[in-house]
Amino acid sequence: MSTLAFGPDAPFLAHLAADALLWLHIAGGTVGIAAGTLVLLLPKGGRLHRLCGRVFFASMSVAFAIGAGVAPFLDDGQRPNFVAGLFSLYLVVSGWLTLRRRRRGTGPLDLLGLAIAAATAIAGAMLVQLAKASPTGTVDGAPVQSFYLFLVLGTVASLDDLGAIVRKGYTGAARIARHLWRMCAALFFASGSLFLGQPQVFPAYLRESAWLFLPVVLPLLCMLSWLLRLAWKSWRMRSATVQSRALV
């Protein structure tokens, strides 16, 4: 794992700040993954679910902000990590604001979110081309598959943001769906960064098995399940409305 480091002649406070950022990043990510997992498993809407959601938002915001802020200053090339950190921070903040916003409407933060999502999609396309032109098929050690992920998710998020701006915000099932997929996608990035990006912290028998993939795909499976349930519920409500109107 690349870390922010200073030379031996740097002031003591500089070394202390670098260590503090590292441990805050690790602590935020660890607590956030634990809280996010509980959010996936707990009954939705309950007090404990809301509490774990607040912990997830706060801890992941710290972890992603530090990751994105420090990445440009590392020596060994961290362009993919910068894009992933910034995009994940955007997902957490926008997903949280979607649920907290009680009234319809948009503002400057929505325009900023659209800009970040579009920039992520563009960066993903550029990194794909750089990886294809590289002899190793990677950019700064990251495989080309991860850049397609930036491209696809950045495009989806851009369209989602554009729709929210045009419609002056989402309500009902669309609002819940926007919150769900963004929080689950952020947890997916965090889990992938730990379990697949830092396998050396786990015992050898886990590194040599497929178990490390389970916590990475779990948020995506839960996201898909909830989105399908929301779509089914919305379809049933629309069908019931149409039938009631037909009987009048």
Side-chain angles (χ1 to χ4, degrees), residues 1-7 10 14 17-30 32-33 59-95 111-161 181-201 212-213 216-217 219-220:
M1 179 175 64
S2 300
T3 59
L4 183 64
F6 295 95
D19 291 340
L21 287 174
L22 173 62
W23 287 108
L24 276 174
H25 176 69
I26 294 174
T30 303
I33 290 174
S59 56
M60 280 305 182
S61 295
V62 170
F64 289 142
I66 292 175
V70 169
F73 300 97
L74 300 180
D75 294 333
D76 56 351
Q78 293 289 318
R79 287 168 288 182
N81 286 341
F82 171 74
V83 175
L86 182 60
F87 184 58
S88 299
L89 178 62
Y90 148 82
L91 289 172
V92 168
V93 173
S94 60
L111 295 175
L112 176 61
L114 175 58
I116 293 175
T120 300
I122 294 171
M126 295 174 62
L127 289 170
V128 165
Q129 297 305 316
L130 289 175
K132 288 182 176 180
S134 171
T136 62
T138 65
V139 175
D140 298 339
V144 69
Q145 291 82 0
S146 60
F147 309 140
Y148 282 114
L149 193 62
F150 294 157
L151 175 59
V152 172
L153 288 182
T155 301
V156 171
S158 299
L159 295 175
D160 188 26
D161 285 340
W181 89 258
R182 287 168 182 265
M183 289 304 199
C184 288
L187 181 58
F188 163 75
F189 275 108
S191 300
S193 177
L194 172 61
F195 292 98
L196 301 183
Q198 306 296 332
Q200 71 278 4
V201 303
L212 291 183
F213 287 89
V216 179
V217 301
L220 299 181

Which atom of Ala157 lies closest to which atom of Ala117, heavy atoms considered = CB-CB, 3.8 Å
Any pair counted as salt bridge (Lys or Arg N to Asp or Glu O under 4.0 Å), so long as it reaches residues 181-196, sequence neighbours left out = Asp160-Arg182, Asp161-Arg182
Smallest heavy-atom separation, Leu91 atom then Ala186 atom, equals CD1-N, 4.0 Å
Mind listing the closest non-hydrogen atom pair of Ala118 and Ser158 along with its distance?
-> N-OG, 3.1 Å
Return the minimal non-hydrogen interatomic distance between Gly113 and Tyr90, and the atom names on each side.
-> O-CE1, 3.3 Å
Atom OG of Ser191 and atom CZ of Phe213: how far apart are they, to the nearest 0.5 Å?
-> 13.0 Å
Between OG on residue Ser134 and CD on residue Gln129, distance to nearest 0.5 Å | 12.5 Å
Please list, chain by chain and in numerical order, all residues satisfying side chain to side chain contact (heavy atoms under 4.5 Å, CB included) with Leu153, sequence neighbours excluded.
-> Phe87, Leu149, Trp181, Phe189
Can any side-chain N or O of His25 pair as donor or acceptor with the backbone N or O of Ala63 at less than 3.5 Å?
-> yes
Interatomic distance, CZ@Phe188 vs CG@Leu220, rounded to 0.5 Å, equals 5.0 Å
Spacing of Leu114 atom CG and Ser94 atom OG [to the nearest 0.5 Å] = 11.5 Å
From Leu151 CG over to Ile122 CD1, what is the distance, rounded to the nearest 0.5 angstrom?
-> 10.0 Å
Do Thr120 and Val83 come within less than 4.5 Å of each other through their side chains, counting heavy atoms only?
-> yes
For Met60 against Gly32, the heavy-atom pair lying closest together | CE-C, 3.4 Å
Can you name the residues that form a side chain to side chain contact (heavy atoms under 4.5 Å, CB included) with Ala142, not counting sequence neighbours?
-> Pro80, Ser146, Phe147
Leu130: what forms a side chain to side chain contact (heavy atoms under 4.5 Å, CB included) with it, not counting sequence neighbours?
-> Arg79, Leu127, Val139
Set of side chain to side chain contact (heavy atoms under 4.5 Å, CB included) partners for Leu194, sequence neighbours left out = Ile33, Val201, Phe202
Among all residues two or more places apart in sequence or in another chain, which pass the side-chain hydrogen bond (donor to acceptor under 3.5 Å, both in side chains) test with Thr30?
-> none
All heavy atoms of Leu196 vs all of Val216, minimum pair found to be CG-CG2, 3.9 Å
Kindly state each residue pair satisfying side-chain hydrogen bond (donor to acceptor under 3.5 Å, both in side chains) with at least one member in residues 147-157, sequence neighbours excluded.
-> Lys132-Tyr148
Any side-chain heavy atom of Leu21 within less than 4.5 Å of one from Val70?
-> yes
